[in-house]
Visitor: 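First the structure, which I've put down as C-alpha cells, then a few questions once you've had a look.
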Amino acid sequence: MSAPALAASATAVPATAVPAGPCAMVIFGAGGDLTRRLLVPALYNLARTGLLPEHFALIGVDMAPMTPAEWAGRLRAMLESFIGSPGSESRIDALDDATWQRLVGAMATVQGDLNDQATYQRLRAALQSAAGAHGTGGNALFYLAVADRFFAPVAEQLGRAGLLAEPDGPDGHWRRLVVEKPFGHSLESARDLNRQLRSIMAERQIYRIDHFLGKETVQNILAFRFANGIFEPIWNRDRIDHVQITVAERLGVEHRGRFYEPTGALRDMVPNHVFQILAMIAMEPPGGFGAERIRDRKADVFAQLRTLSPEDAVRGQYGPGDGVAGYRAEPDVAADSGTETFVALRLGIDNWRWAGVPFYLRTGKRMSARATEVAIRFKPAPFAPFADTDLAAMPPNWLVLDVQPEERIALQFEVKRPGPAMALATAAMSFRYADWFPRLPNVGYETLIYDCMIGDQTLFQRADMVEETWRVVQPVLDAWAEGPPPHFPNYAAGQDGPDAAHRLLAADGRAWRAVPQPGKPSP
Ligand code: BG6
C-alpha cells in the first residue's frame, strides 16, 4: 500500500507506485487453485501496469512434476477463460501477449515433496540460477499457497536450508514469507504457529495475508475516514447508535466440503475478513501512514474487543431451498453435519470511542445475495419541531459503505416531500466508484503481492493482531464444540440466516437491514 497520492481530480490521479525492486517469487502450491485463479492473474496485472520488478523470476514448487512450459500453458488457459467473462474474479479484456511472454520468460519449476529437504536444495539451485539469469539479487518472496498444515513444515525446511537468512553487506538480500489463511484454527494453534514461525525468522519477514485487505473499497475506508474532516467528529458513541457489518455470500460451500467441515463460517470469515473491516471502521486515527502506525491502531481495536460470550453468537446451517441442495447434501459433507454456514455476532469494544455501541456482524453462505456492506446507524435527532412527528418512528440516518459487489458510499437522511404540507420523506446521497473511476484490471491480490515485494507490511497481520482476534472468538468456538447439536439446518438456502439471528438484534430493540440485492442497493 503506497502512501496516498493527491489527486487533482478524479481523472488525473498521479501514479506514485514504481516497479518493485529485483526479486524472485516462489510459489508453493504452483499447480493449485489459488495460484491459477488469483496469484498469477495478479502478477499478470502487475506486469501490465508496470509494477512488476524489471528483474523478476517466478519459481513454482509443486509435488506434481511439471515443466515450466506445462505450467505456463495451464496458467494461460485459466487467464484466457477470464476474458470477457464478467462473473470471473479477474477483469481482463484481452490477453496482452508481450506481457504474458514476459512472465513466461521468468518462469521455472521445482518438483518435490514439501517435507523433503532435497526439494529445498533444488529450490536453492533454482534461486541461484534465477539470480544469474534474471538479476534478482538473491531477494526472494516465498508464497505459501498450500494447505495450512504445510505452513510450519515449509517454513522450517526453508530455515533449515538456510533460505530465510538475510545476510548484510554487498551480497545482502531479503527473504520474506507470505502465509495464507487460515492462520491457525484456534487461539492455541495460532499461538503455536506464531511461535514456530518466529523461532525461524523475524516478524518483519512474515506477511500474514488477508485478501479482504486487497479490496479497494476496504482500503478506501481509511481514506474516507482520515482524508476528510467532516466524519471524525461524529464517529463515536455520541452520534452512532450501532454498526452492522454484513458479508453475505450467494454461493454455497461448492467443492470445498473437506476444508469447510472442520472450519465453519466463524473460523473461515470472522477473526480474519470481518474483523479486518471492523478494525478499519473502529480504529483511532493513525499519526502517520507507516505500517506500524496503522497496525498499532488496528491492534488496539483487536485488544479492546470484548471476548465474546456464547449468548452473543448465533449459528446457522443452510438447508435446501431456492432450487439448490442443502449443506448436508454437498460433496464431502457429513449427512448429519453440525458445521455452521452462517454466523451472527454482537460485539462490544471497550474504549471511550465505542463504549455502549454494539457492532453486529453476520456472514454466511447461501444467503439471498452476495453483498459486503458496512452500515452505520446514527442516533435520532434529539427533538423534531414538526407536528405529529414521532421521533422514535422516524427513519434513521444511515451511512452505508458497500464493499462488494456494489462499490459505493451512501448517506440516508430525511427531506421535505414536495407539497403544501411539511411531510417528510427518506432520501439518499450516493457515491458510486464506477461513476468516478475507470475499473482497474484487478483480482485483489495485486496490491498485496506488490506490498510484499516492496516490504510494506501495512496491510498484513502482525502476530499480536492474529492472536487477539482468536482470543475474541475462542469461547464461542469452545461452546459450539461442546454444546448440544443445534437444530440444523435452520435456514433455507436463499434466506438471510436463521430466525435466531433476527432475535439477537430484536433483543436490543434493533433489526438487521435487508441484504442489498443485485442492482438494488439500499438505502
Ligand atoms: C475466503 C473464504 O477466505 O473468502 C471463502 O475461505 C469465502 O469461504 C471467501 O467465500 C470470500 O472472499 P470474496 O473475496 O469472494 O468475498
Side-chain angles (χ1 to χ4, degrees), residues 29 32-39 41-42 82 85-91 143-148 151 178-185 208-221 245-278 280 315-318 324 327 330-333 337 339-343 361-374 401-407 440 442-449 459-461 466 469-470 473 493 515-516 518:
D33 216 38
L34 179 68
T35 306
R36 281 185 300 148
R37 278 192 310 114
L38 295 163
L39 300 184
F82 289 156
S85 157
S88 66
E89 281 122 325
S90 194
R91 296 167 189 161
Y143 199 115
L144 298 179
V146 286
D148 60 327
F151 293 170
V178 186
V179 188
E180 265 291 338
K181 82 178 256 281
F183 196 95
H185 46 88
R208 297 174 191 80
I209 207 162
D210 185 310
H211 81 275
F212 263 51
L213 290 177
K215 295 182 192 289
E216 288 283 349
T217 34
V218 172
Q219 292 174 36
N220 182 50
I221 298 173
I245 302 177
T246 297
V247 182
E249 294 190 83
R250 184 91 182 109
L251 290 178
V253 72
E254 307 297 291
H255 55 278
R256 296 167 73 224
R258 211 165 293 161
F259 158 77
Y260 204 80
E261 272 285 87
T263 305
L266 179 53
R267 284 190 178 88
D268 189 33
M269 297 296 288
V270 175
N272 32 64
H273 306 326
V274 188
F275 277 9
Q276 284 302 325
I277 296 178
L278 180 147
M280 296 276 205
R315 57 182 155 163
Q317 186 191 78
Y318 65 86
V324 296
Y327 175 68
E330 303 274 18
D332 299 317
V333 170
S337 173
T339 298
E340 83 284 357
T341 60
F342 172 95
V343 55
L361 320 182
R362 65 180 160 168
T363 181
K365 304 257 180 224
R366 286 273 186 243
M367 292 174 64
S368 63
R370 175 171 187 252
T372 297
E373 173 186 278
V374 180
L401 295 101
D402 282 316
V403 170
Q404 64 182 18
E406 283 292 333
E407 299 184 325
L440 296 177
N442 196 322
V443 293
Y445 272 74
E446 290 81 356
T447 311
L448 298 171
I449 294 174
L459 295 177
F460 296 84
Q461 295 275 76
V466 170
T469 59
W470 281 112
V473 299
V515 170

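As the structure lists them, so they are numbered: ligands from 1, and atoms in each ligand from 1. For the single chain, residues carry numbers from 1 onward in sequence order. Everything quoted here is computed from the prediction, not taken from an experiment.
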Visitor: Under 3.5 Å, side chain of Thr363 to main-chain N/O of Val247, donor-acceptor pair present?
Guide: yes
Visitor: Just one of Asn272, Asp268, Asp210 clears the side chain to side chain donor-acceptor pair (under 3.5 Å) bar with Lys181, so which one?
Guide: Asp268
Visitor: What class does the angle between the rings of Tyr327 and Tyr260 fall in, given that below 30° is parallel, 30 to 60° is tilted and above 60° is perpendicular?
Guide: perpendicular
Visitor: Closer than 4.0 Å to some heavy atom of His273 - which atoms of ligand 1 meet that?
Guide: 1 (C), 3 (O), 4 (O)
Visitor: Heavy-atom pairs closer than 4.0 Å: do any link ligand 1 to the side chain of Arg267, the backbone, both, or neither?
Guide: neither
Visitor: Under 3.5 Å, is there a donor-acceptor pair between the side chain of Glu340 and the main chain of Ala265?
Guide: yes
Visitor: Considering the heavy atoms of Lys181, write down every atom of ligand 1 situated less than 4.0 Å from one of them.
Guide: 1 (C), 2 (C), 3 (O), 6 (O)
Visitor: Quick one: which ligand 1 atoms are inside 4.0 Å of a heavy atom on Lys215?
Guide: 13 (P), 14 (O), 16 (O)
Visitor: Kindly identify the option in Asp268, Thr363, Val403 whose heavy atom sits closest to atom 2 (C) of ligand 1.
Guide: Asp268
Visitor: Does ligand 1 have an atom that lies less than 4.0 angstrom from a heavy atom of Phe212?
Guide: yes
Visitor: How far apart are the closest heavy atoms of Val179 and Phe183, and which atoms are they?
Guide: CG1-CD1, 3.9 Å
Visitor: Give the numbers and elements of all ligand 1 atoms closer than 4.0 Å to a heavy atom of Glu249.
Guide: 7 (C), 10 (O), 11 (C)
Visitor: Closer than 4.0 Å to some heavy atom of Arg370 - which atoms of ligand 1 meet that?
Guide: 15 (O), 16 (O)
Visitor: Just which atoms of ligand 1 are under 4.0 Å from any heavy atom in Gln404?
Guide: 16 (O)
Visitor: Keeping Gln317 on the side-chain end and Thr339 on the backbone end, is there a donor-acceptor pair under 3.5 Å?
Guide: yes
Visitor: Is a donor on one side and an acceptor on the other found under 3.5 Å between the side chain of Thr341 and the backbone of Tyr318?
Guide: yes
Visitor: Enumerate the atoms of ligand 1 whose separation from the nearest heavy atom of Lys365 is less than 4.0 angstrom.
Guide: 5 (C), 7 (C), 8 (O), 10 (O)
